[in-house]
Amino acid sequence: MRNQLAEARRERRPLGAFTCYTLDTAAGVLDAAESAGAPVVLLVSDAALRAPAGPRLLTALVAMAQRAAVPAWVQLDHCPDLERIRQALDLGAGGVMADGSRLDDAANLEFTREAVALATPYGAAVEAELGRIEGDEDIDVAAAAGAFTDPAAAEDFVRRTGVDCLAVAIGNVHGSYRHEPRLDWQRLADIADRLPVAVSLHGTSGLPADQLRRAHELGAVKFNVNTELRRAHVGELRRALDEAPASTDVLALTERLRATAAETTGRFLRP
Ligand code: 13P
């Protein structure tokens, strides 16, 4: 994943990253990536790893990623805890996002450096966040933009931490946008020009296609998607249960959920 991020930065090649809470979703994401011939990241949210079945989920996703016909990795997303970062690396995650964005800048720097030291022996990629991407990472709440990433501070942060990827706050939020999304394009371009590593855009759900294309043109290369996959998953589940309330055909249900995830993913693979 480290090499892929470096290549993404060098060649401005987009890398989609999709949150998978279930194996149906992961199967659909991988099918879409294989159809597009695109490398892909399966994200595991920190809450998902903390859940009782979390370690089993991550382990299963690693196996699925390893057997995919395209390069694929599992990344632990938005984790503020070094022990869980270690756990994910032990279970085979190819990348982790060390999220120190709730700390002050000095503490975020120290935390991120520790995460890089932890990940280095595994050869795993580390992504960090500077500024604050608001919104909930697992449930749909409408959020307004948080503190924006400062370009000069980002350059210094990346140099001093050695991260492979930086998530930027330029008006993007997780979940639903409370107001029309208005991204700070100049800021994104400044950051992407200054940084020697990949820039990632979180909160991709809800951004119109032309804004995604613009973000990519200006230098964002990693795109994280969760909310739209979740909505599609729950919507399809609801439809299927409404259509046949008495059915116990889990296999048919699973197939619908896989197909829904594949369709949603396909729309994001090429910004
Ligand atoms: P959305 O839920 O808004 O797509 O954001 C996903 C994300 O950034 C995961 O890190």
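Computed over heavy atoms, backbone and side chain alike; hydrogens, waters and symmetry mates excluded. Indexing begins at 1, ligand by ligand and atom by atom, following the structure's order. For clarity, every value in this text was computed on a predicted model and none was experimentally measured.
Under a cut-off of 6.0 angstrom, the local environment of CD in Glu243 is crowded, with over 12 non-hydrogen atoms contributed by other residues, nucleotides or ligands.
For ligand 1, the polar-atom distance check finds an N/O of Gly175 within less than 3.5 Å of one of the ligand's N/O atoms. In terms of polar-atom proximity, defined here as any N/O pair under 3.5 Å, Leu43 makes no such contact with ligand 1. Residue-to-ligand polar distances place Asn226 within reach of ligand 1: an N/O pair is separated by less than 3.5 Å.
Within the set Leu229, Asp99, Thr227, the minimum heavy-atom distance to atom 2 (O) of ligand 1 is found for Thr227. Between atom 7 (C) of ligand 1 and the options His78, His174, Lys222, the minimum heavy-atom separation is to His174.
The protein heavy-atom contact nearest to atom 4 (O) of ligand 1 is Ser205 OG, 2.5 Å. In terms of protein heavy-atom proximity, atom 10 (O) of ligand 1 is nearest to Asp77 OD2, 2.6 Å.
Using a non-hydrogen distance threshold of 4.0 Å, Ile133 does not register as a contact of ligand 1.
In the model, Gln4 has no side-chain atom that pairs as donor or acceptor with a side-chain atom of Lys222 under 3.5 Å.
Within ligand 1, the atoms closer than 4.0 Å to a non-hydrogen atom of Val173 are 3 (O), numbered from 1 in the order shown. Atoms of ligand 1 found under 4.0 Å from any heavy atom of Val225 (numbered from 1 in listed order, with element): 4 (O), 6 (C).
Checking each of Asp31, Thr25, Thr22 against Arg258 for a side chain to side chain donor-acceptor pair (under 3.5 Å) leaves exactly one that passes, namely Asp31. Test Thr161, Ile85, Leu82, Leu109 against Glu114 for side chain to side chain contact (heavy atoms under 4.5 Å, CB included) and you get one pass: Leu82.
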After noting the C-alpha distance and the side-chain angles of Arg267 and Glu228, does the key distance pass the side chain to side chain contact (heavy atoms under 4.5 Å, CB included) rule?
CA-CA 11 Å; Arg267 285 192 271 118; Glu228 289 205 25; 3.5 Å; yes
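Clustering ILVMFWY residues whenever any of their side-chain heavy atoms sit less than 4.5 angstrom apart, transitively, puts Leu15 in a cluster other than the one holding Phe268. Under a hydrophobic clustering in which Ile, Leu, Val, Met, Phe, Trp and Tyr are joined whenever their side-chain heavy atoms come within less than 4.5 Å, directly or via other members, Leu43 and Ile139 fall into different clusters.
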